[in-house]
Protein chains: 2
Amino acid sequence: MAEDADPARRSIGARRNPDSADAILEAAEAVLVEAGYAGFSIEAVARRARAGKPTIYRWWPSKAALLLEVYQRQKRVDVPDTGRLEEDLVGFLKNLFAHWRETSSGSVFRSLIAEAQSDEAAAAALADYSLGRRSHTGQIIERAKARGEIPASVDSAVVADLIASFAWRHLLTNRLDEDEATIGKAVNYVMRGIAAPAP
Amino acid sequence: MAEDADPARRSIGARRNPDSADAILEAAEAVLVEAGYAGFSIEAVARRARAGKPTIYRWWPSKAALLLEVYQRQKRVDVPDTGRLEEDLVGFLKNLFAHWRETSSGSVFRSLIAEAQSDEAAAAALADYSLGRRSHTGQIIERAKARGEIPASVDSAVVADLIASFAWRHLLTNRLDEDEATIGKAVNYVMRGIAAPAP
DNA sequence: ACGCTCAAACGAAACGGCGCGTTTTCAAGC
DNA sequence: GCTTGAAAACGCGCCGTTTCGTTTGAGCGT
């Protein structure tokens, strides 16, 4: 129970953290799902968690910090490894879209991106997170390089960024139920682009 | 002077609309630039425009509607036509990034996207706008098809979407000053992907 | 052509409501 | 008895709306 070393949590006078923090995080997620980002207020979370506002502010400096930690609590999307890059990428996107659609992750991440547009701290946290995620996705590309499927000269960061951009756009414009055909086409275009020998 | 037929404006009893509406739109833009999206409130706009809040609410049903009209007032980015698809796409993105960076358009559009994450009307308006923009960008692709530069089987909507996704991501993550090299690489990957003969 | 009238739109102020982030109070528990 | 943390209360700002008195321009009668 007594887990610690949570970087998002204020560690100033954090002499001890009961599991009420977990209740707050769960309440935050529930509020976000039920009332949407518009209804996501610290007061609503406090009400839902039967906690006091000062308790929340003691551990999270801002709404953004709370949002980020809620998102980081979510289970990660698993990255397929089929041995073929195109299948990996399509599978990854399909998994991601399904995960965003079927759990609260989509709502949470959308809210986080929106919050980052007006909150400096959220923007920094999101940038940090994206960096980690990009290198993670980049491993799919790197594996393909190792197999000799694509040239080693391919900039995997740029490719990962293209894929992530595509995912973000569909999340932000409520198009997560896009045809698989469209995903397939988009990935296929990028795929053939990087697989072709450089001119 | 007596211009009319402005679709975004409430036309119920709109017997006459002085140019105070222009003052409000200008004030909205100024507030957004100076105070950012976080400080963008109807009250702030009203103060800045020396207008009453009811006047604003009379013509724009929501903050989102006001935002959208501010954005649509902006000058459009011109789309190059160099005769080579890759140059067109890179040029378009470079123009767009510069425009977003150097005018208030970037702030306005970022705010609009953020607002669309919690406001249904804003989301609908944005989707509508994006649809128009996508077909506009799609014309670059169509021209390349007509020249025989890429196969006619290429789905220009998907390609336009890929390009737009890339632009959105860089706008939303404050990376509009990305190296031209990165833009070039990304476009080049997509470019070669669609130029290659379908397998 | 002139001036009157009337309705529409105006700016300003105030309303109740809500969420913010903070401070203060108060009932526990080691 | 001293720390802890939930609960209540605070002042603030913005929301969206209502009310007030004023300005303005179009229509109409003289």
Side-chain angles (χ1 to χ4, degrees), chain A residues 1-2 4 9-28 30-32 34-67 111 114-115 118-122, chain B residues 1-4 6 8-28 30-32 34-67 111 114-115 117-122:
Chain A
M1 298 298 156
D4 69 335
R9 212 165 286 173
R10 270 182 163 171
S11 52
I12 308 168
R15 287 221 292 153
R16 62 204 181 98
N17 297 340
D19 39 21
S20 83
D22 278 329
I24 290 172
L25 287 170
E26 275 176 32
V31 166
L32 202 45
E34 291 172 16
Y37 179 51
F40 181 72
S41 69
I42 298 286
E43 302 218 344
V45 174
R47 271 196 304 269
R48 171 96 190 197
R50 299 185 170 281
K53 280 197 296 173
T55 306
I56 298 182
Y57 280 110
R58 178 187 305 277
W59 286 333
W60 295 276
S62 69
K63 193 154 77 168
L66 183 55
L67 260 177
S111 306
E115 185 77 13
S118 58
D119 185 301
E120 199 60 44
Chain B
M1 307 309 141
E3 58 193 350
D4 70 334
D6 195 327
R9 211 165 286 171
R10 275 182 159 167
S11 53
I12 309 169
R15 283 225 294 151
R16 62 205 178 96
N17 294 341
D19 37 22
S20 84
D22 278 330
I24 290 172
L25 287 170
E26 274 176 32
V31 167
L32 201 47
E34 290 172 16
Y37 179 51
F40 182 71
S41 69
I42 297 287
E43 301 218 346
V45 173
R47 270 196 305 270
R48 170 97 190 196
R50 300 184 169 279
K53 279 198 293 175
T55 305
I56 298 183
Y57 281 111
R58 179 190 307 277
W59 284 334
W60 297 276
S62 69
K63 194 154 78 168
L66 183 55
L67 262 177
S111 306
E115 186 76 13
Q117 302 311 309
S118 59
D119 184 302
E120 199 60 46

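Quick note on labels: first sequence line is chain A, next is B, and so on, each numbered from 1.
- In this structure, the separation between CH2 on B/W59 and CD1 on B/I24 is 6.0 Å, given to the nearest 0.5 Å.
- Distance OG1/B/T55 to CZ/B/R50: 14.5 Å, rounded to 0.5 Å.
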Are any protein N/O atoms closer than 3.5 Å to N/O atoms in nucleotides 13-20 of chain D? If there are, list each pair with its distance.
| unit_1 | atom_1 | unit_2 | atom_2 | d |
| --- | --- | --- | --- | --- |
| D/dC15 | OP1 | B/I42 | N | 3.1 |
| D/dC15 | OP2 | B/I42 | N | 3.1 |
| D/dC15 | OP2 | B/E43 | N | 3.0 |
| D/dG16 | OP2 | B/Y57 | OH | 2.3 |
| D/dG16 | O5' | B/Y57 | OH | 3.4 |
| D/dG16 | N7 | B/K53 | NZ | 2.9 |
| D/dG16 | O6 | B/K53 | NZ | 2.6 |

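- Atom OH of A/Y37 is separated from atom CG of B/D119 by 13.0 Å, given to the nearest 0.5 angstrom.
- Straight-line distance from the CZ atom of B/R50 to the C1' atom of D/dT23: 17 Å, rounded to whole Å.
- Here CZ of A/R48 is found 11.5 Å from CG of A/L32. Values are rounded to the nearest 0.5 Å.
- Atom-to-atom, CH2 of B/W60 to C1' of C/dA9 comes out at 13 Å; the value is rounded to the nearest Å.
- Rounded to a whole Å, the CZ atom of A/R48 is 15 Å from the P atom of C/dG19.
- Expressed to the nearest 0.5 Å, how far CZ of A/R47 lies from OG of A/S41 amounts to 6.0 Å.
- For the residue pair B/I42 and B/K63, the shortest heavy atom distance occurs at CD1-CA, 4.3 Å.
- For the pair B/W59 CH2 and C/dA8 P, the interatomic distance rounds to 15 Å; values are reported in whole Å.
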